[in-house]
Novice: 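Supplied in structure tokens, the structure appears directly below.
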Amino acid sequence: MGWRNALRLSAVGYRELAFQAIYAVRMGNLLQERREVDLRARTARRVLQSKIMVATLLGFMGFVGAEALDPRIARLLAPGAPPAVYAAALISGVLLLQLSFLWTTGLQILPTFLSTKYLPFLESLPIPPEDRTRTALLLYLRIFDLPALTILLVTPVAFGWALGSPLAGLATLPGALAVVLLALALALATGSFFVRRVQGSPAGLGSAALRWLFLVLWAVPAFAIYAFISFSPEFLARLTALTLHPTAALTALVVAFPFPFGFLPTLLAPGMGPAGIGLGPVDVAALLLAAAVYGALLTLLAAWLYRAPRAYALLLPSAPNGARRGPGPLHTTGVVTALLRKDLRIASRSPAYAFVILLPLLDALVLGLSTFVGHPAPSDVFRLGASAVSTAALLATFFGPAFFATEVMGYSYTRTLPLGVRSLLAGKVSLIVLIYGLAAFLVLSFTIARVFQPFLLVAFVLAELPAVVAAALLEIGLLFRISERRGLAVTNLYTGAWWAAIVTVPGIIVAGLPLGSFFSFGGDLGALGVMAGLALAELALVLPLALAWARRNR
Amino acid sequence: MGPGENGGRAVPLRAEGLTVRYGEFTAVDRLSFEVRPGEIYGLLGSNGAGKSSTIRCLVGLQRPAEGRLRVFDDDPLTDELLVKSRIGYVPETTLLFDSLSPREFLEFVASVRRIDPEVARRRAEGYVRAFDLGNELEQPLATLSNGARQKTLVVAAFLHQPSLLVLDEPLNNLDPRTVRIVKEILAEYVRDGRRGVLFSTHTMEVAQQLCHRVGILDHGLLRGEGSLPELRRRIDRDGASLEEIYLNLTRAEDAVMDAVRSLREL
């Protein structure tokens, strides 16, 4: 008994967790693998592949961030900013990005962690409670092992090398550790919220609206991080201005998470240090104090994390105490609408899916809002609106595979229904187009309210539409092709990163080509014509291909 | 038996030489049987006998390696959607969309099956009331008991009044009241002499009460088939229960006694 026993038990649990994450049989997916295939070995291989891809991306973020410390890039991104302020902002940005990515990855696997039932099974066995707690913790840590280790190793090495001081590199370690702890805690806490408030929420319009509101609130912190990255040049400019004319706002900013951890390495870097940091003594003292406070809070968080995985793994969805209700009418629709409605209903109770729907919409909202409040010149309004629509188109197609993954749920049942692959294809493509349409509508509303020139932006949205449809058809069609051979693929960051990547990359290219042509051809009416032509040509090319794949899959 | 021998009515289900393989392993070996119009046919067998593999072929979840299936003379492989539209299916497990409520699930099934909204409403209302499912109708399936989930599946199978019901252990998890209702409904369901029911179960008592004929599967092979009197004649034992017939035909009587003896010695 003890840690060794917990380690052994968590290894067994992790095999089960990985198996469920890949094959989702507890969610009603159909196991189509042949008996002679070693499923356990395949599971271990696929999870490892995905972990390596996620870890590579996290490492890439660290190295690119460190590379951006180059003075030439600094002059380009933040002209006039004190080097230490620029470095601190950059380290903080990388930490936020890593936090966001690790948290999102954790959320992809969390529903499986909560539904695997391995830990509740252990509760019925004569194992000491402390060992069960440790097993749950180790099982949870195994989910994040390689990505977390990458953050902890790459961040100090990359920034130590870029700042020219191993000691300064080591000073990024508290920040990296904070990122890992926070991502683990956030994934678990949001998972608890998902189980208690969202998954058990009853049917009905009012409850659905409340669920979506919860999900928007839930997605806001993750989106804030995304927005921070999107607006980093503007942010750096504002920060530079603040350091030139220090105010209380600067003090408030340097104590906000994760800036104290971003500033720590600069205090030890050659040529920077407390004197060259560009901050007054009060601000330096405030950020050191803040770093200590955050350190203490993170210690408490670590203590909480020790027990939380076991406690949360035993949670059950809270059933509503609804009054007895009669059967009432069933609202039937057409097949494609039924698929669309089913996916939206599933997303409204599954944060991982809700997130991929909400991200393009929130992006459109923020970018649209920025055109509204930013007082841009009338000539810039179209350019800003077009950029927002472009981002929405790329984000909607980026998450195509995730929408396909909802099909694993109840798959062994839905495959027995008279549901053609073409209908499924149409249902999934409709969802992607709906997201693009809603995002475009949001942007249009803001820009039209600012400058009434709807024609050009509506034309831009419509010109890109065939490309979005083509990208969605290509992605979903490719996934049907994969599922024909291997059974339905679970495609998410954690278990199916490889499948997601080989499908998403061509999708993004198809959605992005017309956008690229528009901006490179001068962004005028003529460029709009080229863009529309290219988008239509793509659709004409992809449509027969996707339909042929769908026919073969029948 | 062809349609002519069934008063000109099409045979709900016919399997001829059905073989299912998973790699080198043969799960179902040249299985032939039919569900006649107006008949409840019981498919009996131990775990791994091949019942679920047979059903998976029928409902489109598995391609047979050899042989053929016909549902009202149509081929599930070439007329997939037509055959699926004629079948109502209750799977062995209640793994559904945990995120949907029973009402949302039934709306999805009714929409995919293109059932007229008024008809869907009337039927759902009737079954929900009969199965006492009204309290759970708006709650996500994740929060419901296995019994409520099983009831939801049974309602979904009956919603389009299919010509062929394929039921894989449909009484699992159901309370005695609902079991009795389902039994009565099934007996009533085939009374028009056109529809058929394929009923897979481990429970011999249920099969004996409910099925007009049974087929006994063992390691993928059909060991015996017929009505209870026919099977009694086959093993030459008047008054034998279906359990006794099953153990005799699958040559499991000695194995059962050996197992019991070895457990006593523990």
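Here is the naming used below: chain letters follow the sequence lines, and residue numbers restart at 1 for every chain. This structure is a prediction, so every number in the text was calculated from the model and none was measured.
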Novice: Could you please state which residues from residues 106-118 of chain B sit under 4.5 angstrom from chain A, measuring non-hydrogen atom to non-hydrogen atom, sorted by number, or 'none'?
Specialist: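 The list, in residue order, reads L106(B), E107(B), F108(B), V109(B), A110(B), S111(B), V112(B), R113(B), R114(B), I115(B), P117(B).
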Novice: Looking at OG1 of T416(A) and CD1 of I55(B), how far apart are the two atoms once the value is rounded to the nearest 0.5 Å?
Specialist: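 That separation rounds to 11.5 Å.
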Novice: In terms of heavy-atom pairs under 4.5 Å with chain B, which of V335(A), L417(A), T337(A) leads?
Specialist: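 With the most close heavy-atom pairs to chain B, the winner is L417(A).
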Novice: Enter the distance from E80(B):CD to L419(A):CG here, rounded to the nearest 0.5 Å.
Specialist: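 Going from the CD atom of E80(B) to the CG atom of L419(A) covers 9.5 Å.
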Novice: Using a 4.5 Å heavy-atom cutoff, which residues in residues 82-90 of chain B come close to chain A?
Specialist: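 Checking residues 82-90 of chain B against chain A gives K84(B), S85(B), Y89(B).
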Novice: Is F105(B) close to chain A through its backbone or its side chain, or both, or neither, when contacts mean heavy atoms under 4.5 Å?
Specialist: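 Contact with chain A is through the side chain of F105(B) alone.
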Novice: With a cut-off of 6.0 Å (strictly less than), are more than 12 heavy atoms of other residues, nucleotides or ligands near NE2 of H219(B)?
Specialist: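 Open: at most 12 neighbouring heavy atoms sit under 6.0 Å from NE2 of H219(B).
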Novice: So for atom CZ, which belongs to R177(B), do other residues, nucleotides or ligands contribute more than 12 heavy atoms lying within a distance under 6.0 Å?
Specialist: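 For R177(B), atom CZ is crowded (more than 12 foreign heavy atoms under 6.0 Å).
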Novice: Work out which heavy atom in P140(B) is nearest to a heavy atom in R349(A); give both atom names and the distance.
Specialist: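 Looks like CG-NE, 3.7 Å.
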Novice: Check whether more than 12 heavy atoms from other residues, nucleotides or ligands sit under 6.0 Å from atom CZ of R70(B), and answer yes or no.
Specialist: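 Counting other residues, nucleotides and ligands, CZ of R70(B) exceeds 12 neighbours.
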Novice: Got a sec: does the CZ of R341(A) have more than 12 other heavy atoms crowding it under 6.0 Å?
Specialist: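 Atom CZ in R341(A) is packed in, count exceeds 12.
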Novice: Could you have a look at G334(A), S423(A), A338(A) and say which one has the most heavy-atom pairs with chain B under 4.5 angstrom?
Specialist: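 That would be A338(A).
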